[in-house]
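The next block holds one structure in the form of structure tokens; read it before the comments.
Sequence lines set the chain letters: A, B, ... in the order given, protein chains first and strands last, and positions in each chain run from 1.
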Amino acid sequence: MYDPKSVEEKWRRSWAERRTNEPDLDGAARPYYNLMMFPYPSAEGLHVGNLYAFTGADFHARFQRLNGQDVFEPIGFDAFGIHSENYALKVGAHPMDLIPKSIANFTRQLERSGIMFDWSHTVDTTDPDYYRWTQWIFLQLYHAGLAVKKEAPVNWCPSCKTVLANEQVEGGRCERCGTEVGQRLLSQWFFRITEYVERLLANLDWIDWSQSTLTAQRNWIGRSEGALLRFRLAAGGEDSLEVFTTRPDTIFGATFMVLAPEHPLVEELTTPDRREEVESYRAAAAAVDLVERRKADERTKTGVFTGGYAVNPATGEDIPVWIADYVLMEYGTGAIMAVPGHDQRDFDFARQFGLEIRPVVAPADVVAGAADPASLDLDLGDSAFVEHTADERLINSGEFSGQVASEGAVRIVEWLGREGLGEPRVNYRLHDWCISRQRYWGPPIPILYCGECGTVPVPEEDLPVVLPYLEQFKPGDDGIAPLAKDESFYRTTCPSCGGEATRETDVSDTFLDSSWYFLRYPSTDFDDRAIDPERTARWLPVDTYIGGEEHAVLHLLYSRFITMALHDLGHVPFEEPYVRFRKHGLIIREGAKMSKTKGNVVNPDEYIERYGADTFRTYLMFLGPYQEGGDFRDSGIVGPQRFLSRVVDAVEAAVAEGLGGFPDRDVERAVHQTIKQATEDFASLSFNTAIAALMELLNALRAAGRVPTLDEIRPLVIMLGPIAPHLAEELWEMLGEEPSLFENGSWPTFDPAKLATDTVEIPVQVNGKLRATIALETGASEEEAKTAALADESVMRHVGEASIRKTIYVPDRLLNLVVG
RNA sequence: GCGAAAGUGGCGGAAUCGGUAGACGCGCCAGCCUUAGGAGCUGGUGGCCCGAGGGCCGUGGGGGUUCGAGUCCCCCCUUUCGCACCA
């Protein structure tokens with residue numbers, strides 16, 4: 001009789017007493033750091049998606065443990081951020097009161113889940129003992145010149161008079177009041193992640209990560225090679241327009257220029273007669289929020305002519321300068337040379353406003369048939385010519401006409417370079433990381449502003465800058481950050497001159513909290529240092545990190561950057577934090593995405609209460625391939641439940657019978673086969689097939705009412721350890737072994753010799769179609785196989801009178817007779 | 001639009017150095033046990049045809065390579081996820 005409740009309670013208590021899950025952080029001989037993404041502790045409690053992620057990571061951890069590793073598996077809470085703050089606002093509570101309750105609830109749920117967390121090393125990002133070190137990291141970056149203040153646009157709700165995160169803007173409107181959102185320029189703190197972009201990119205070539213995650217990071221970084229070109233203004237003067245282009249070969253086709261509406265030279269270029277129109281266009285562009293502005297969709301191109309001209313450095317022609325919102329200030333230089341012949345966006349724009357379209361690239365065969373490539377009329381039809389071929393040629397491009405385009409590009413840049421009008425340039429999509437948040441629920445940025453000394457970092461010994469308990473933490477009616485309303489917080493004295501100073505009132509981004517939490521876990525015992533050198537050297541970098549793909553870019557990229565920066569500053573001895581990263585899949589329910597509005601969210605508590613944590617774990621990992629996710633169907637959970645209960649029956653029967661050894665060769669082979677299969681599956685995180693293999697073994701051990709021997713069933717019990725740890729521990733004890741399984745047990749090994757069989761069943765095909773299966777001695781020769789096959793009635797019937805033209809024989813696998 | 005992944009029984013899913021498609025589980029069917037069963041045990045279960053010996057079809061669709069294709073190649077369709085006017 002299997003009673004999960006009592007079994008699980010018994011072993012939960014035993015593990016806590018024995019400190020089974022707390023490795024010796026200073027003395028472990030084979031340290032293995034198994035990390036999972038720490039959760040945001042929502043008030044709703046633990047989501048099954050969290051548990052799915054953690055359970056898979058725990059399967060892996062326990063497998064490593066049984067293989068002799070000293071596994072460190074910590075957990076913590078990512079509790080700062082807009083999410084908590086908004087929830088608190090919604091329910092009319094204070095995050096400082098709410099979060100501890102949520103954490104307590106999460107902890108209770110996690111403790112019942114059977115995951116081998118080391119609860120003596122947890123982290124809570126909202127704890128001053130944690131965020132003092134988050135602030136310390138800010139200071140390290142500040143002193144290294146990697147934290148700088150600059151102006152940047154933010155979303156702004158004119159009704160709520162507050163800054164909004166991109167996620168808070170829905171369809172161009174404020175998610176709270178429905179007012180149209182605009183932009184505002186604000187001075188904010190940035191981390192100069194772009195300084196590290198080449199290293200962040202280069203290391204992707206060797207870190208062992210899920211392929212799709214690597215690709216996502218590469219795309220996010222968005223490296224593109226091209227050139228920076230300078231266009232003088234036709235009106236003369238010092239200023240010139242700089243553009244980034246990946247197609248410098250098309251410069252002869254640049255018939256106009258387009259600037260982002262916010263571009264600083266718009267003012268200078270605009271002629272008096274155009275001023276009114278330009279101003280109103282700029283105002284309209286500023287009224288569209290950042291999110292909406294980027295939604296390409298079906299938006300038709302808009303723009304206005306500034307009245308100004310620039311000089312195309314290749315043709316020497318004056319070309320008109322326009323502004324349009326399809327050019328983004330934050331990419332490249334915020335200005336483009338428009339080549340409507342070879343860029344669809346420019347083409348659309350030129351069509352819209354009747355601007356000249358001049359083709360300058362053509363397929364090689366077209367050029368070959370032309371008399372003079374420097375003067376070639378080409379009809380583009382309804383779209384720009386953008387298809388790239390290796391041999392396409394330049395046309396209508398002066399002395400470069402007729403050259404292969406890719407070579408022409410190099411020549412043209414060289415040519416312009418001699419005039420000081422251009423140079424090769426690599427551009428990135430990645431921007432510096434804005435860490436300022438004009439909100440309440442985050443760590444205050446440790447900076448002071450002094451009338452005498454200017455910007456002053458808070459001295460390390462004054463950390464933490466404690467976030468005060470503010471009754472009114474709501475983002476203000478006046479656009480001022482919540483902390484800016486608390487005089488007792490922001491009024492202070494300057495540590496360098498002793499004069500009056502004010503504190504920075506923005507808090508930092510949650511992603512900063514999570515960018516280093518894994519560095520803290522092993523060092524939580526120390527309150528005089530963030531990262532203990534010895535502990536860090538022993539346990540880091542992380543051996544395996546498992547998490548969701550939704551963090552493929554931001555969190556994983558930011559934490560790589562912070563680690564790299566700390567490495568350069570001498571705080572950690574490695575520059576990549578996660579040796580191995582594996583993404584897990586997403587879990588859906590009954591074929592549909594889980595959501596609160598649909599009311600189909602799985603509440604782990606209910607299932608654990610009803611079936612026990614072991615059954616729930618087993619089902620979560622059985623329902624599909626871990627790295628791809630799966631469909632949680634209530635009807636499916638009884639499978640694992642029956643399986644575990646049959647394991648109990650089998651072990652009880654084996655113990656009652658009390659026999660050892662391997663009396664049955666086929667069963668012994670099945671045991672070895674299963675060990676092989678399960679070992680490989682566990683190593684590759686294929687937990688669903690590992691569980692299936694154990695089910696198969698159990699079926700074999702119990703076939704036709706047989707009772708397994710103790711030796712037959714012991715490996716099964718051990719391999720059940722990572723899957724159903726409480727039950728495996730109970731059965732381990734039942735087998736007379738010394739608890740804990742995870743301290744004393746070791747993963748079984750298989751004997752390749754025991755895998756072999758005397759005979760094999762192989763399929764016989766005639767002309768590729770299966771006609772029979774025959775039993776052969778293992779390793780039988782082709783002749784023997786053929787003889788046996790031809791003795792088979794069904795084979796003979798299909799061979800008939802025809803002669804065998806060809807025989808394909810794969811020993812122990814297949815025989816195919818080709819007749820005709 | 002770009003990028004990534006994926007389409008297999010009634011269902012969740014196995015099997016990809018090309019070699020017996022459907023492991024394992026759910027469900028379903030039959031039988032056993034039981035006063036009873038939303039319990040347990042045994043066996044069966046891709047579809048169609050059938051003269052009961054077998055035959056044909058079958059991994060989103062269409063072509064191809066091969067003795068042999070779920071697996072490799074080309075074209076198309078669908079779904080999911082990420083990015084999205086990136087110059």
Side-chain angles (χ1 to χ4, degrees), chain A residues 210-216 218-220 222-224 226 243-247 250 258 291 293-297 299 301 324-328 330-339 342-346 348-349 427-430 549-550 552-553 585-586 588 590-591 593 618-619 622-625 627-643 645-646 649 677 686 688-699 702-705 761-773 793-794 797 805-810 812-820:
Chain A
S210 290
Q211 216 27 256
S212 57
T213 314
L214 292 172
T215 306
R218 284 199 186 93
N219 292 343
W220 186 261
R223 182 182 200 273
S224 64
V243 301
F244 172 73
T245 178
T246 53
R247 298 290 307 274
T250 63
V258 186
V291 178
R293 169 85 178 266
R294 286 184 206 179
K295 280 193 181 142
D297 291 351
R299 286 186 61 201
K301 297 273 180 294
D325 66 1
Y326 81 92
V327 175
L328 306 175
E330 64 267 26
Y331 186 78
T333 63
I336 61 160
M337 64 175 204
V339 184
H342 305 285
D343 182 287
Q344 192 57 43
R345 294 155 302 173
D346 298 345
D348 296 341
F349 193 79
N427 197 56
Y428 303 90
R429 186 182 170 281
L430 181 72
E549 182 110 83
E550 67 274 18
V553 285
L586 292 178
I588 57 174
E590 313 283 345
K593 207 184 271 182
T618 309
Y619 180 56
F622 182 67
L623 58 75
Q627 291 181 84
E628 278 149 53
D631 191 359
F632 189 103
R633 291 180 178 262
D634 285 9
S635 60
I637 197 168
V638 298
Q641 185 187 32
R642 288 174 192 159
F643 166 62
S645 137
R646 282 194 280 248
D649 290 349
Q677 176 81 40
S686 305
N688 57 332
T689 49
I691 294 167
L694 296 192
M695 288 174 166
E696 232 175 319
L697 175 60
L698 182 69
N699 291 344
R702 291 163 33 98
E761 289 267 309
I762 72 160
V764 180
Q765 298 177 344
V766 178
N767 286 342
K769 292 205 172 198
L770 179 70
R771 295 304 177 192
T773 59
E793 191 190 323
S794 172
R797 191 169 54 244
R805 289 209 323 241
K806 195 173 172 186
T807 305
I808 288 109
Y809 180 59
V810 184
D812 299 339
R813 291 309 295 264
L814 153 144
L815 177 69
N816 186 10
L817 303 173
V818 184
V819 304

Verify the contact: side-chain N or O of A:Arg702 to OP1 or OP2 of B:C41, cut-off strictly under 4.0 Å; return yes or no. yes
Quick check on B:C86: is either OP1 or OP2 less than 4.0 Å from any side-chain nitrogen or oxygen of A:Arg345? yes
Does a donor on one side chain and an acceptor on the other come within less than 3.5 Å for A:Tyr326 and A:Asp348? no
Considering only the P atoms, how many Å lie between B:U66 and B:G60, rounded to the nearest integer? 23 Å
How would you list, by chain and number, every residue that makes a salt bridge (Lys or Arg N to Asp or Glu O under 4.0 Å) with A:Asp634, sequence neighbours excluded? A:Arg589
Which comes earlier along RNA chain B counting from the 5' end, the contact point of A:Thr333 or that of A:Pro763, where each point is its nearest nucleotide? A:Pro763
Can you tell me the distance, in whole Å, between the CG atom of A:Leu694 and the C1' atom of B:A23? 14 Å
Could you tell me whether A:Asn699 contacts a base, only the sugar-phosphate backbone, or nothing, with contacts defined as non-hydrogen atoms closer than 4.0 Å? sugar-phosphate
Both atom distances under 3.5 Å, Watson-Crick or G-U wobble: I'd like the secondary structure of RNA chain B as a dot-bracket string, with | for pairs made across strands. (((((((..(((......[....)))((((((.......))))))((((....))))..(((((..]....))))))))))))....
Counting distance only, does the side-chain N/O of A:Arg429 pair as donor-acceptor with the main-chain N or O of A:Trp220 below 3.5 Å? yes
For A:Arg345, check salt bridge (Lys or Arg N to Asp or Glu O under 4.0 Å) against everything at least two apart and list the hits. A:Asp343
Considering every strand and a 4.0 Å limit on heavy-atom distances, what is the contact class for A:Thr773: base, sugar-phosphate, or nothing? base
Atom CD1 of A:Ile588 and atom C1' of B:C81 are separated, to the nearest Å, by 12 Å
Base, sugar-phosphate alone, or nothing: which one does A:Glu550 contact when heavy atoms must sit under 4.0 Å apart? nothing
Least distance between heavy atoms, A:Pro640 atom then A:Phe622 atom: CG-CD2, 4.4 Å
Using a cut-off of less than 4.0 Å, is there contact between a side-chain N or O of A:Asn219 and OP1 or OP2 of B:C86? no
Excluding sequence neighbours, so at least two apart, what forms ring-ring contact (aromatic ring centres under 6.0 Å, His included) with A:Phe643? none
Output all residues satisfying side chain to side chain donor-acceptor pair (under 3.5 Å) with A:Arg223, sequence neighbours left out; order by chain, then residue number. A:Glu198, A:Glu225
Can you tell me the distance, in whole Å, between the CZ atom of A:Arg646 and the C1' atom of B:C41? 10 Å
Of the candidates B:A21, B:C81, B:A87, the side chain of A:Lys593 sits closest to B:C81
Just the atom pairs and distances: protein N or O near nucleotides 12-16 of chain B's N or O, under 3.5 Å.
residue : atom : partner  : partner atom : Å
B:G12   : O2'  : A:Leu623 : O            : 2.8
B:A14   : OP1  : A:Asn688 : ND2          : 3.0

For B:G18, take OP1 and OP2 only and decide whether either is under 4.0 Å from a side-chain N or O of A:Arg813. no
Go through the structure and list residues passing side chain to side chain contact (heavy atoms under 4.5 Å, CB included) with A:Arg633, not counting sequence neighbours. A:Glu590, A:Tyr619, A:Asp631, A:Ser635
Here the distance between atom P of B:C11 and atom CG of A:Asp634, to the nearest Å, is 18 Å
Restricting both atoms to N or O, compile the protein contacts to nucleotides 27-31 of chain B shorter than 3.5 Å, with distance only.
residue : atom : partner  : partner atom : Å
B:G27   : OP2  : A:Arg642 : NH1          : 3.3

When rounded to the nearest Å, what value does the distance between P atoms of B:G13 and B:U8 take? 9 Å
Considering just the side-chain nitrogens and oxygens of A:Arg218, establish if one lies under 4.0 Å of OP1 or OP2 belonging to B:G3. no
With sequence neighbours left out, write down each residue that passes side chain to side chain donor-acceptor pair (under 3.5 Å) with A:Gln641, or none if nothing qualifies. none
Close N or O pairs between protein and nucleotides 54-57 of chain B (under 3.5 Å):
residue : atom : partner  : partner atom : Å
B:G55   : OP1  : A:His798 : NE2          : 3.0
B:C56   : OP2  : A:Arg771 : NH1          : 3.2
B:C57   : OP2  : A:Lys769 : NZ           : 3.0

Scan side-chain atoms only and decide if A:Thr689 and A:Gln677 contain a donor-acceptor pair under the 3.5 Å cut-off. no
List the residues meeting side chain to side chain donor-acceptor pair (under 3.5 Å) with A:Thr215, not counting sequence neighbours, and say none if there are none. none
Nearest whole angstrom, please: distance from the C1' of B:A84 to the CG of A:Leu328. 10 Å
Rounded to whole Å, CG of A:Leu814 lies from P of B:U20 at a distance of 7 Å
A side-chain contact here means heavy atoms from C-beta on lying under 4.5 Å apart; do A:Leu814 and A:Gln765 qualify? yes
To the nearest Å, how far apart are A:Asp343 CG and B:G1 P? 17 Å
Side chain to side chain donor-acceptor pair (under 3.5 Å) with A:Glu696: which residues, sequence neighbours excluded? none
Select base, sugar-phosphate, or nothing to describe what A:Glu696 touches, counting heavy atoms under 4.0 Å on all strands. sugar-phosphate
Correct closest heavy-atom pair for A:Val258 and A:Ala324 would be CG1-CB, 3.5 Å
When rounded to whole Å, the CZ to C1' distance for the pair A:Arg429 and B:C86 reads 7 Å
With the side chain of A:Val810 defined as its heavy atoms from C-beta on, choose the nearest nucleotide among B:G19, B:A21, B:A87. B:G19
